[in-house]
Asks: 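Handing you this structure, nothing more for now.
Below, chains carry the letters A, B, ... as their sequence lines are ordered, and counting in each starts from 1. Values below: all heavy atoms of this structure, side chains included; hydrogens, waters and symmetry mates excluded.
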2 protein chains.
Amino acid sequence: MKIGEVAAQLSVSTDTLRYYEKHGLLMPSRRTEAGYRDYSLSDLKQMRFILRAKDVGFSLTEIKELLAIKLYKHQHSCHEVKSLTIQKRDLVAQRVAELTRFHQSLSVLAEKCCGGEELADNCSILTTLEDIDGLTQ
Amino acid sequence: MKIGEVAAQLSVSTDTLRYYEKHGLLMPSRRTEAGYRDYSLSDLKQMRFILRAKDVGFSLTEIKELLAIKLYKHQHSCHEVKSLTIQKRDLVAQRVAELTRFHQSLSVLAEKCCGGEELADNCSILTTLEDIDGLTQ
DNA sequence: CTTGACCTTAGTGTGTACTCTAAGGTTTAT
DNA sequence: ATAAACCTTAGAGTACACACTAAGGTCAAG
Ligand SMILES: [Zn+2]
Ligand SMILES: [Zn+2]
Ligand SMILES: [Zn+2]
Ligand SMILES: [Zn+2]
C-alpha cells in the first residue's frame with residue numbers, strides 16, 4: 001500500500017506517517033522502484049498498535065520502547081511491559097491530581113465573583129489572586 | 001530591590017523574572033544608573049499575583065489578560081473576569097476527563113498482565129494493544 | 001500531452017515556559 | 001587591585017507531536 005492509502009485508512013496524515021518513520025516508529029517494509037513507500041499488512045498492524053498505544057496515553061517515546069520489546073518479545077519479560085504501563089498510569093494519576101486541584105481552585109474563584117456587568121474594581125477573583133491567603137483557607 | 005533579591009524572596013530564578021519582563025508580564029518600575037532592574041513593592045505584589053494565578057492553572061498568556069483587566073479595572077466588568085475563569089475551569093475539566101480515560105485504560109491493561117519474569121511472548125498488554133477491540137469492551 | 005493528484009527530500013514553524021550560554025559591565029570585599 | 005558575585009543583552013536550546021513549505025519527480029485520466 002502507498003502512503004496515501006494507509007493515511008486514508010487510518011485517518012492520519014501522510015506527514016504523520018513520514019514523521020513516525022523519521023523517528024523510528026514505523027519503517028515501511030519496501031520501497032517501489034520509484035522510491036515510494038510500500039506498506040505491508042504487517043506495517044499497517046504496527047501502525048494500529050501505535051495509534052492504540054497513543055489512545056491510552058503513551059507518548060511516542062514510550063511507544064518506541066514498547067515496540068522494541070514487542071519486536072524481541074523473547075528477550076523481554078512481562079515485568080518490563082507492566083512496569084512501563086504502571087509508571088505511565090501513576091504519572092497520569094499525578095497529572096490528574098494536579099489538574100483537579102486547579103479545577104477546585106478555579107471553581108472557588110468563580111463562585112466568589114458575581115459575574116455581572118458591573119465594573120471589576122472590586123472583583124473577588126482579582127482580589128483573591130492578590131491576597132496572600134486567598135485560596136489556602 | 002534588585003532582581004536577585006526578588007528572585008530569592010519569591011523562589012523563582014532571575015531568568016524567570018527577565019522572561020516575564022520580556023513577555024510583558026512584569027516590568028520593574030525603575031532602573032538604577034548602572035542599568036540594573038529596580039523592583040518596587042508594587043512590582044513584587046504583581047509578581048505574587050502572577051505566581052498565584054499560575055498556581056491555580058492559568059497560563060502566562062491568560063495571566064497577561066488578567067493583568068490587563070486588573071490594570072484598568074474600571075474599564076472591565078466582573079463578567080469578563082468570571083468568563084476567563086470559567087473557560088479555564090472547563091478546559092481543565094476536559095483535560096481531566098481525557099487523562100482519566102487514559103488512567104482507566106492503563107489500569108485495565110496493567111491488570112491483564114501477570115508482571116512476572118517470564119518472557120513477554122504472550123504478554124496481554126502487548127496483545128491487547130494489537131487487537132482491534134481490546135479496550136473498547 | 002498535459003493536467004492534477006499523488007509522491008520524494010530536507011528543512012522550518014508552532015506553542016509553552018522556561019533554561020542556558022556567551023561576552024561583557026558593575027559592585028563589594030579583602 | 002583584584003577576585004567573587006552580581007548585573008546586562010541577545011540569542012540558542014529544550015520537549016512534544018506534528019504541520020507546513022519548497023522544489024522537484026511520477027503516474028493515471030482525458
Ligand atoms: Zn462582581
Ligand atoms: Zn468579579
Ligand atoms: Zn505475563
Ligand atoms: Zn504481560
Side-chain angles (χ1 to χ4, degrees), chain A residues 1-39 43 47 49-67 84 87-88 91-92 94-95 98-99 102, chain B residues 1-39 43 47 49-67 84 87-88 91-92 94-95 98-99 102:
Chain A
M1 289 178 77
K2 282 191 281 187
I3 195 172
E5 303 175 78
V6 177
Q9 186 146 7
L10 299 183
S11 304
V12 299
S13 70
T14 55
D15 277 334
T16 298
L17 286 164
R18 291 195 202 94
Y19 179 83
Y20 286 3
E21 180 176 344
K22 196 173 174 180
H23 290 75
L25 288 154
L26 178 64
M27 308 297 186
S29 324
R30 294 185 4 105
R31 292 280 179 138
T32 66
E33 294 147 18
Y36 287 19
R37 290 167 181 82
D38 185 11
Y39 292 86
D43 296 333
M47 188 60 191
F49 179 99
I50 294 170
L51 293 177
R52 216 160 295 119
K54 258 176 68 71
D55 273 350
V56 305
F58 284 112
S59 70
L60 295 187
T61 307
E62 289 156 346
I63 293 172
K64 214 171 152 181
E65 287 186 71
L66 286 174
L67 287 170
L84 285 175
Q87 269 177 41
K88 185 65 188 183
L91 212 135
V92 168
Q94 274 180 35
R95 183 70 177 139
E98 186 185 16
L99 287 177
F102 286 175
Chain B
M1 289 177 76
K2 282 193 281 186
I3 195 170
E5 303 175 78
V6 177
Q9 185 145 8
L10 300 183
S11 303
V12 298
S13 71
T14 56
D15 277 333
T16 298
L17 286 165
R18 290 194 201 95
Y19 178 83
Y20 285 3
E21 179 176 345
K22 196 172 173 181
H23 289 76
L25 288 153
L26 178 64
M27 309 296 186
S29 324
R30 293 186 4 104
R31 293 281 179 137
T32 67
E33 293 147 20
Y36 288 19
R37 289 166 180 82
D38 185 11
Y39 292 86
D43 296 333
M47 188 62 190
F49 179 97
I50 294 170
L51 294 176
R52 217 160 295 120
K54 259 176 67 73
D55 274 350
V56 304
F58 283 112
S59 70
L60 296 188
T61 306
E62 289 156 346
I63 293 172
K64 214 171 152 181
E65 288 186 72
L66 286 174
L67 287 170
L84 285 175
Q87 270 177 40
K88 184 67 188 183
L91 212 135
V92 168
Q94 275 180 36
R95 183 71 178 139
E98 186 185 17
L99 287 177
F102 286 174

Asks: Looking only at non-hydrogen atoms, find the nearest pair between B:K2 and B:Y36 and report the distance.
Replies: CD-CD2, 3.9 Å
Asks: Name the residue closer to the 5' end of DNA chain D, choosing between B:I3 and B:K22 according to the nucleotide with the nearest heavy atom.
Replies: B:I3
Asks: To the nearest Å, give me how far apart CD1 (A:I63) and P (D:dC16) are.
Replies: 12 Å
Asks: On DNA chain C, compare the nucleotides closest to B:T32 and B:K54; which residue's is nearer the 5' end?
Replies: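 The answer here is B:K54.
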Asks: Specify the residue among A:R31 and B:Y36 whose closest nucleotide of DNA chain C lies further upstream toward the 5′ end.
Replies: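 Of the two residues, A:R31 wins.
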Asks: Expressed in angstrom and rounded to an integer, what is the separation of A:L60 atom CG from D:dA17 atom P?
Replies: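 After rounding, the gap between these two atoms is 4 Å.
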Asks: Using atom CG of A:L25 as one end and atom P of D:dC16 as the other, report the distance to the nearest whole Å.
Replies: 12 Å
Asks: Quickly work out the A:K64 NZ to D:dA15 C1' distance and round it to whole Å.
Replies: 15 Å
Asks: I'd like to know whether B:F49 forms a side chain to side chain contact (heavy atoms under 4.5 Å, CB included) with B:L66, so could you lay out the CA-CA distance, the side-chain angles of the two residues, the decisive distance to 0.1 Å, and finally the verdict.
Replies: CA-CA 10 Å; B:F49 179 97; B:L66 286 174; 4.3 Å; yes
Asks: Without decimals, in angstroms, what is the distance between B:Y39 OH and D:dC7 C1'?
Replies: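 Checked: the OH to C1' distance equals 12 Å.
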Asks: Reading DNA chain D from 5' onward, which residue's closest nucleotide shows up sooner: A:K2 or A:S59?
Replies: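 The 5'-side residue here is A:S59.
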Asks: For B:L17 versus B:Y39, what's the shortest heavy-atom pair and its separation?
Replies: CB-OH, 3.8 Å
Asks: Over how many whole Å does the gap from A:M1 atom CE to C:dC7 atom C1' extend?
Replies: 15 Å
Asks: Do B:L60 and B:H23 have side chains that approach each other closer than 4.5 Å (heavy atoms only, starting at C-beta)?
Replies: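 A side-chain contact is absent here, since even the closest heavy-atom pair is not under 4.5 Å.
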Asks: Give me the residues of residues 6-21 of chain B where at least one heavy atom lies under 4.0 Å from an atom of DNA chain D, by number, or none.
Replies: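 Of all residues in residues 6-21 of chain B, the ones placing a heavy atom under 4.0 Å from DNA chain D are B:R18.
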Asks: Rounded to the nearest angstrom, tell me the gap between atom CZ in A:F58 and atom C1' in D:dA17.
Replies: 17 Å
Asks: Under 4.0 Å between a Lys/Arg side-chain N and an Asp/Glu carboxylate O for A:E98 and A:R95?
Replies: yes
Asks: Using every non-hydrogen atom in the two residues, find where A:K88 and A:G57 come nearest and quote the distance to one decimal.
Replies: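 Residues A:K88 and A:G57, closest heavy atoms: CE-O, 2.8 Å.
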Asks: Of the listed nucleotides (D:dC7, D:dT9, C:dT9), which one gets closest to any side-chain atom of A:R37?
Replies: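 Per side-chain heavy atoms of A:R37, the pick is C:dT9.
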Asks: Show your working on salt bridge (Lys or Arg N to Asp or Glu O under 4.0 Å) between A:R18 and A:D15 and close with a plain yes or no.
Replies: CA-CA 5 Å; A:R18 291 195 202 94; A:D15 277 334; 3.6 Å; yes
Asks: For the side chain of A:T61, starting at C-beta, report the closest nucleotide among D:dC16, D:dT8, D:dT26.
Replies: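 The nucleotide sitting nearest to the side chain is D:dC16.
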Asks: Please report, rounded to the nearest Å, how far the C1' atom of C:dC18 is from the CE atom of B:M47.
Replies: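 Spelled out: CE on B:M47 to C1' on C:dC18 is 12 Å.
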